[in-house]
Enquirer: 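Have a look at the structure that comes next, please.
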Amino acid sequence: MEKLPKIGLPILILIVLGIVFISKSTITISSGEAGVLYKTFGGGVVTDEPPLGEGFHLIAPWNKIIVYEVRQQEVFEKMQVLSSNGLEIKLDASAWFQPEYNKLGLLHQQKGEDYVARILLPTIRSAARSVVGRYTPEQLYSSKRDVIQKEIFEETKKIVGNQFVQLNEVLVRDVTLPPTIKEAIERKLKQEQESLEYEFKLTKAQKEAERQKIDAEGKAIANQILSASLTDKILKEKGIDATLQLAKSPNAKVIVIGSGKDGMPLILGNQ
């Protein structure tokens, strides 16, 4: 009876050690994640092999797995930058990004798990300051936002492209100007719009006047040509033709030949 505890204790220890060994030797990587293997006795971070993908994995208990999210992620940043004329502009932007899957080991080894704060955000701030500094507040407020967004994206991508981070998009969500500058710009834009409307109306009135002038000149020329072509003989011939046509009409009438002016027929009807 006294031997049973002595036999059971080593077994219990082996069971505990087995549980610890299994718990340290297995890992499950979730969807949208990947694992970087760190070999304690084998050179540290594994960089020459693809990372461990989703699912269940067995590893040596003295090694470690560092799990990264490899899906597209979004980071937000609020910045204060200066325009080309030195005015302070508030910029609200975000970036879509993800780590480069096959270079996840290098990212962990050289940048670390906080690579967003170390690499991505400082690069976005630097690119935003550089780009916004090329434009005036008026350009930032009106038509240049899409251009600025594209330029920030391109400048940021140049840098992070060599830092094992894949940048998918940079979005400029809001540009906030000082209230006095914003009001001045809005007044200026309103005046410009009113000026354009006035110019449009003036141009329209001028074109209408030109059209009426051309129409009147055309009619005058036509009348001159018509007057020059209507001789007495032609008028008499036209009158005779008209008389013949009227004579064929069934309406009651009296036609006196040669009684009209210049010897033209005179038509007397019952009306």
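Keep in mind the model is a prediction, meaning the values are calculated, not measured.
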Enquirer: Write down the atom of Arg129, the atom of Gln80, and the distance for their closest heavy-atom approach.
Expert: NE-O, 4.3 Å
Enquirer: Measure from the side-chain N and O atoms of Ser126 to the backbone N and O of Pro122, and report whether any donor-acceptor pair falls under 3.5 Å.
Expert: no
Enquirer: How long is the gap from CD on Gln149 to CD on Glu151, to the nearest 0.5 Å?
Expert: 11.0 Å
Enquirer: Check Tyr115 against Pro99 and note the closest heavy-atom contact, atom names and distance.
Expert: OH-CD, 3.5 Å
Enquirer: If you take all heavy atoms of Met79 and Glu77, which pair is closest and at what distance?
Expert: CG-CG, 3.7 Å
Enquirer: Could you work out, with side-chain contact (heavy atoms from CB on, under 4.5 Å) as the rule, every residue matching Leu82, not counting sequence neighbours?
Expert: Glu88
Enquirer: Please identify each residue that fulfils ring pair (Phe, Tyr, Trp, His ring centres under 6.0 Å) with Tyr135, with sequence neighbours left out.
Expert: none
Enquirer: Please report the shortest heavy-atom distance between Ile152 and Thr156, naming the atom on each side.
Expert: O-OG1, 2.7 Å
Enquirer: Under the 3.5 angstrom rule, does the side chain of Thr123 hit a backbone N or O of Ile119 as a donor-acceptor pair?
Expert: yes
Enquirer: Side-chain polar contacts of residues 29-48 - donor-acceptor pairs under 3.5 angstrom, sequence neighbours left out - could you list them?
Expert:
{"unit_1": "Glu33", "atom_1": "OE1", "unit_2": "Ser30", "atom_2": "N", "d": "3.4"}
{"unit_1": "Thr40", "atom_1": "OG1", "unit_2": "Trp62", "atom_2": "O", "d": "2.3"}

Enquirer: What pairs of donor and acceptor atoms, side-chain ones from residues 160-175 against any protein atom, are under 3.5 angstrom apart with sequence neighbours left out?
Expert:
{"unit_1": "Gln163", "atom_1": "OE1", "unit_2": "Lys111", "atom_2": "NZ", "d": "2.5"}
{"unit_1": "Gln166", "atom_1": "NE2", "unit_2": "Asn168", "atom_2": "OD1", "d": "2.9"}
{"unit_1": "Asn168", "atom_1": "ND2", "unit_2": "Gln72", "atom_2": "OE1", "d": "2.8"}
{"unit_1": "Asn168", "atom_1": "ND2", "unit_2": "Gln98", "atom_2": "OE1", "d": "3.0"}
{"unit_1": "Arg173", "atom_1": "NE", "unit_2": "Ser94", "atom_2": "OG", "d": "2.9"}
{"unit_1": "Arg173", "atom_1": "NH2", "unit_2": "Glu74", "atom_2": "OE2", "d": "2.5"}
{"unit_1": "Arg173", "atom_1": "NH2", "unit_2": "Ser94", "atom_2": "OG", "d": "3.2"}
{"unit_1": "Asp174", "atom_1": "OD2", "unit_2": "Thr176", "atom_2": "OG1", "d": "3.1"}

Enquirer: Just to verify, what does Lys158 make a side-chain hydrogen bond (donor to acceptor under 3.5 Å, both in side chains) with, not counting sequence neighbours?
Expert: none
Enquirer: Report the C-alpha separation of Ile66 and Glu113 in whole Å, then their side-chain angles, then the decisive distance to 0.1 Å, and conclude whether the side chain to side chain contact (heavy atoms under 4.5 Å, CB included) test is met.
Expert: CA-CA 9 Å; Ile66 302 92; Glu113 296 177 70; 3.6 Å; yes
Enquirer: Does the side chain of Glu100 come within less than 4.5 Å of Leu104's, by heavy atoms?
Expert: no
Enquirer: For the hydrophobic clusters of this structure (ILVMFWY residues joined by side-chain heavy atoms under 4.5 Å, transitively), does one cluster hold both Trp96 and Ile159?
Expert: no
Enquirer: Show your working on side chain to side chain contact (heavy atoms under 4.5 Å, CB included) between Thr136 and Ser84 and close with a plain yes or no.
Expert: CA-CA 5 Å; Thr136 64; Ser84 61; 3.5 Å; yes
Enquirer: Could you go through the side chain to side chain contact (heavy atoms under 4.5 Å, CB included) check for Val116 and Phe97 one step at a time?
Expert: CA-CA 10 Å; Val116 174; Phe97 71 97; 3.6 Å; yes
Enquirer: Taking side chain as C-beta onward, heavy atoms only, is Leu177 less than 4.5 Å from Ile89?
Expert: yes
Enquirer: Report whether Phe76 and Ile148 are members of the same hydrophobic cluster (ILVMFWY, side-chain heavy atoms less than 4.5 Å apart, transitive linking).
Expert: no
Enquirer: Do Glu155 and Ser130 come close enough that some side-chain heavy atom pair is under 4.5 Å?
Expert: yes
Enquirer: Just to verify, what does Tyr68 make a side-chain hydrogen bond (donor to acceptor under 3.5 Å, both in side chains) with, not counting sequence neighbours?
Expert: His108
